[in-house]
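Contents: one structure, followed by commentary.
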Amino acid sequence: MNDVVLEVTGIGKRFGAVQALRDVSAQFRSGEIHAVLGENGAGKTTLMNVLAGFVVPDVGTVTYRGKPLPFGEPIAIRRMGLEMVHQHFMLVPAFSVEENVALAHIPGLLRPLRASRLAEPAVRLAKDMGWEIAPSARTNGLPVGAQQRVEILKALTGKGDVLILDEPTAVLGPDEIDDLFRVLRGLRDQGRAIVLIAHKLSEIMAIADRVTVLRRGEFVGTGVPTPVGNGGLDARTLALWMVGELPEARHDRSVAASEEGLALESILVRGDRGEAAVRDLTLAVRRGTVVGIGGVDGNGQVELAEAVVGVRPLVQGEVRWRGERARAGRPQVAYVPQDRRGDGLALRMSVLENLLVAGHRDSALKRGPFLRLGAAARWARGLVERFQIKIGSISDPVGGLSGGNQQKVIVARELSSEPELLVVVNPTRGLDLRATRYVHDQVRRARNAGASVLLISTDLDEIAELSDETYYLSRGEVRPAALGAAALVGGVP
Amino acid sequence: SAPAGKPSGEAPKEEPFKVALLTPGPVSDAGWSAMAYEGLMAIKDELGAEVNNQEAGGTQIKDAMRSYARQGYKLIFGHGFEYNEPGMEVGKDFPDTVFVSSSGGQTATNVGAFRFYLEQGFYLAGAMAGKMSKSGVVGMVGGDDVPSIRSTFKAFRAGVLAANPNAKVQEVFTGNGQDPAKAKQATEQMIAAGADFVIHQANAAAQGVFDACKEKGAYAFGANADQNANPSGAVIASAIIVGKPAFVALAKQVKEGTFKGGIALMGMDKGAIDFVVNPAMAAKVPADVTAYVDELRKQIVDGKLTVPKDEF
Amino acid sequence: MNEFATILSYAAPVALAAIGETVVERSGVIHIGIEGGMLAGAFFAMLTTYATGSPWLGIGVGVVVGVLLALLSAVFCVTLLADQVVIGTAVNLLAIGLTRTLFALRFGASGQLLSVEKIPSMNGLDAVTIGTVILAVLVHLALTRTGWGLATRSAGEFPEATEAAGYSVAKLRYGALAFGGALAGLGGAYLSLGIAGSFADNMTAGRGFVAIAMVTFGRWKPVWALLASLLIGWVDSLQFTFQTKGWDAPFQLFVALPYLVALLVLAGVGRGANAPAALATPFRRSR
Amino acid sequence: MKRVFVEGGLVLAGLLLILIATIATFGLPVGESLRMLAEGSLSGGGLARTLVKATPLILAGLGMVLAWRAGIYNIGGEGQYLVGALGGAWVARVGVAVPALVLKPLVLIAAFLAGGLFAALAGLLMVKRHVQVVISTILLNFVALQFFNWAVTGPLQEASRRLPQTDRVPDSLMLFRLDRQNDLHTGVFVALASVAVVTVFLFLTPTGFRLRLVGDNPRAARANRIEPGRLQLLAIGLSGGLCGLAAGIEYLGITGQLGYGFSQQIGFLAIPVALLGGLHPIGALFSGLYFGALFAGSENLARFSGFGTTIVFVIQGVAVIGFVGLRALIERRRTPEAAL
Ligand SMILES: Nc1ncnc2c1ncn2[C@@H]1O[C@H](COP(=O)(O)OP(=O)(O)OP(=O)(O)O)[C@@H](O)[C@H]1O
Ligand SMILES: Nc1ncnc2c1ncn2[C@@H]1O[C@H](COP(=O)(O)OP(=O)(O)OP(=O)(O)O)[C@@H](O)[C@H]1O
Ligand SMILES: [Mg+2]
Ligand SMILES: [Mg+2]
């Protein structure tokens, strides 16, 4: 037990101008859950991609049980026994769940294949874990959380003795995270090596046997996480390792105004497959308040958000703004969608253009029928600076940014417009500590400026921290929940 | 305006006589365009001319004409009515070059047309089919819907009805003269509907017509060229254009400077059109039919019988 | 029965190309060049049979030529990540030019009506038409019931996942293109050796494009692509019936009829197009 | 900037090599052939011929840029071109009494509208019935060709009703010819102006911006309350309109009448023009010129090389493949980590 399975030595990797990894060394052992921690863009994903064969490093070596790892050959590496859960799901949207699982476990190209049979172990495991998955459902109809579950199950049922999971918890509910961790502990105890990336320190503290921290591509250190006070690697120290210094959290609850704002009256909204995704939902978000809605992903969150911002038609009921119906009194709306790459960004377009998605309506950036490109560029640079988006130039394609920075582009553009109604769904998904704080500050700022804020999130801490009123969504219905994470968790059936 | 491409000061050295041919489709169509190409080759062989040819349609036509004229080509032949108007226009700039199109109504001193009276051959084919058809149903398979084809079909129909007023004449266009499969399918259906004689105007697609006739036991007529020897063995006779002498004669006129413009109608009387029975099948043609066709031919040559044709 | 055999026979070139293109598109490549592949297949098949007298050898050569042209496309579309529609267009130009030039070189500039040995048939059915039906079923099974099928389909939907699962998208797409090329070549060869027994310049006359439309019409399913081809083939055959009957309508309407019917059917079934998501998107492995 | 020139140089050098190889393969004298290519496309009259041939390619290419930028794979340029021509010819016919100066723009506008509306048919099928544009436009091409053939033998046929073509428009209606010795006409300026207009539209107006956004990610557009359907309809309509305009320009610029063979595959060639131009209007301008020169040159070569017409297609096919291949190679070298 506990022998070194993967030995990483002096790995460096540069992408164009970005030094993603610099002289990183680490040891991953069997029978150990090893967390890798770092801010957005620290190089975690890149390192994992090196291990899995998707990125070839410029320098350095990795040995697997003493043998050199064949860089850039994912097939060979998988055969050797490395399984990976990618940060961006490697699920074929048009495939059923079982086909996706089967794809990961094809016995041979020329052999006959029955997806349902190949998916059996995964389905069984899901049942054992108490996770709900529908084997024959099309993947693209599934909520993100369910997709994450499939992605994890795919890897867990592989034969690999090294398991790499890149941010598997980002969209899971608390119960699901517990389930996952239980399984991971089990696998660890069977002697597998597990490498886990997560941003939440609480999660790391809960599960990791050892932690390696990266900062801006550089190796900071490896240690054993311990609860606060023992002078060991406690949460505060870890945070310091990650960031260098810790920004102050601000709490300014200056809720005052309570004018009428958004009101939902018995709305019924259908999902993509025609199911009643939101049922008979009534809710009011007064101006200057944040209403937080928690709950496990896939209970109508996306449909609710889309109905409120007017992207999805109402089947019944009405959405009012300051007492007026629908279009008449349309407020200035800002919307941070849940699926940033799917709904939020045009990945091949530049940072500037993605910011302009909101800005092109702004009369200050137009002259007559034309856009003022100079003014737009200045405006965009201002946002990049204000929101600390890490980019080379505003004309870079947004698809090349790290997930966190992509999220910041959306947040920046949506909050730049002094919205009256703000709808945000999982706004800090995959963001690091610093960025999360910043986004939270911005949401508060909008609220303090008098906006009605509808916050939908699977992150209960986030809801607890920001919301003035809290609810949870369950199967398309909304129920009030007492403030506080614990109560919320308790309230979810 | 000065003629371009021939600087006036140059010594009149023994410049070769140059002839160009423009066709609406590839000259490898074993039909309409191929016939003109053969004529061009005859001009080359018999007059020692320097010749060139190009496929040119629509917006390319005037450009091609100018290019050739500028290079000192003396005769530019456009094989279709669509070369007539461009010839008129370009001809104004190149008075030393003659522009002749296959049919077309406008002429100038250096612009003319000559038109093959293929209808005469088709009329005789129709006459033979009308006399010989057992079912009283005969068919025509066309490729592209162009006036020259319509006109020959009209003549064929007239020939059939003259021989057998009760006959039925079917007509099908495939819309493509280079698709033998389509031509074959059309012919098969025609035969299924009773036709036992089929004539075509399908250029390179004609093999499909012949094969269908062979497979389904019908007789076919060749068109444009003498197709009697076609390996299908289904061709009983061909209505042909004897193009070479006509082309050579025209080129000679141009070379000798005697071309005056105008429209020449090239028919059986000038030996430009013929109707030839396949010698291998001659035995299948009853003597009275042969006599009837020969009589009609004589009337045509003598000018006593005018075969209907469209003006185009 | 015989009627059906006839329709099957005339529809077979399009159906074969469509079945092949179905696989190609399922792998994420749209190969406009199948028109050229069919034409080259038709030409070289005819040339081979003309020279050797063996239609089977001709069919074989047609298939090989189809594969070679498709591999040429693959080098550009898959390896060099060039735009698939452009390369397909260029391959078509090339095929027209090559066949035309070689045809003229071999048979004289003014062409010939060629008649070559055809493949034998019984009651209007022959090995290729029967093979077409069997092939449609086999390809359907291969796509849905084998590892190759799953991997190939994933390459057309979400190539990143294919690579993550450990398969080379490039290899899968090369394979699919080669297969599609083989069927296009076969379709072309059958056109010249099974139906016409002849060759004429550009004799495929847009059948490759129709095949591409049939792939969509068939919802990217090989058996449905075959049925779609048969339906359109049947409508196409009606035009001659109508014309023969002497219906007083412009014949162009009849010629356009199959395309109009295809459009109407597509408009009717409309919703829920399941085009491969990564269709026509070059995939580059990042490393 | 420097890189652009280096790359441009590389591409040109590579193209030359490819061309030479092709010519040599077919046993033609290389030096002489190159001279003919250059003479046909560049020197004196050659340049005019290049411009004439480039004009419709640029216009239709711009159309493709618009559609493809909006994420619509319009391959129906050929049909839109034919229907556009018919629209123009129809107006020229019914408007005989209208003064030429007024009628001229009306004909062009009609060509634009006819092409645009025909394309919008495919757009409607996409938006309303989810029929893929790739397929509907392929099918509509066949339909348009038959429609065209019918129209010139039916309702639009010349007054004497003999030939399958329209009457020739009076000379006064033709676009002004810059040079009597060739077909160079003022349509060139329409093409250039269109490049400018499309560039401004795509990159400097909110609508153009939204159109590109829809092309890149329609879901993101929807999430931002930009309805993709209408913009896509607009894009394909404009796209077909430009193809129609290309036909109108050819009609009034060169032929003055419509008949079989009016289209020289302009609508198909527009796709490589747009794609080689990097789906950018300025790029389409240059690739249109490149193709124009290629056609002008290779036609000249075919005419006077004694080899005949057929080699044109081979040279064009090889040149396109070569061009795309070189571009792809360079692209590959430049961005070892390609963006999406
Ligand atoms: N393929 C690539 N091309 C260019 N740059 C890249 C590429 N992959 C990673 N990078 C850059 O490398 C740096 C490290 O990225 P990486 O994805 O490893 O970060 P991370 O630690 O996973 O961050 P996050 O927490 O946001 O997921 C980033 O700045 C990123 O921009
Ligand atoms: N196509 C690309 N071109 C350039 N860089 C890329 C590309 N794809 C990814 N990257 C880089 O790879 C890195 C990893 O991206 P990824 O989306 O995994 O985000 P991440 O860094 O893990 O983000 P986060 O933790 O903030 O969600 C990013 O930092 C990004 O800069
Ligand atoms: Mg990452
Ligand atoms: Mg991340």
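Letters go in sequence order (proteins before strands), and every chain restarts at 1.
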For [X] and [Y], which heavy atoms make the closest approach, and how far apart are they?
X: D/R219; Y: A/D339; result: NH2-OD2, 3.3 Å
X: A/L345; Y: D/N217; result: O-ND2, 2.7 Å
X: A/P369; Y: D/P206; result: O-CD, 3.2 Å
X: A/V357; Y: D/F209; result: N-CZ, 3.6 Å
X: D/N224; Y: A/R413; result: ND2-NH2, 3.5 Å

Contact leader toward chain D among A/R361, A/R312, A/E306, where contacts are heavy-atom pairs under 4.5 Å: A/R361
Is a salt bridge present between D/R222 and A/D343, judged by a nitrogen-to-oxygen distance below 4.0 Å? no
Check A/E353 with D/R212, please: is the shortest side-chain N to carboxylate O separation under 4.0 Å? yes
Chain A contact via D/V214 - side chain, backbone, both or neither, heavy atoms under 4.5 Å: neither
Is D/R230 atom CZ crowded by more than 12 heavy atoms from other residues, nucleotides or ligands, each under 6.0 Å away? no
Quick check for you: to the nearest 0.5 Å, what is the distance between D/F203 atom CZ and A/L371 atom CG? 12.0 Å
side-chain contact (heavy atoms from CB on, under 4.5 Å) between A/H360 and D/I226, worked out: CA-CA 12 Å; A/H360 77 280; D/I226 294 167; 3.9 Å; yes
Could you go step by step and tell me if D/L204 and A/R372 meet the side-chain contact (heavy atoms from CB on, under 4.5 Å) rule? CA-CA 7 Å; D/L204 286 178; A/R372 296 171 57 201; over 6 Å; no
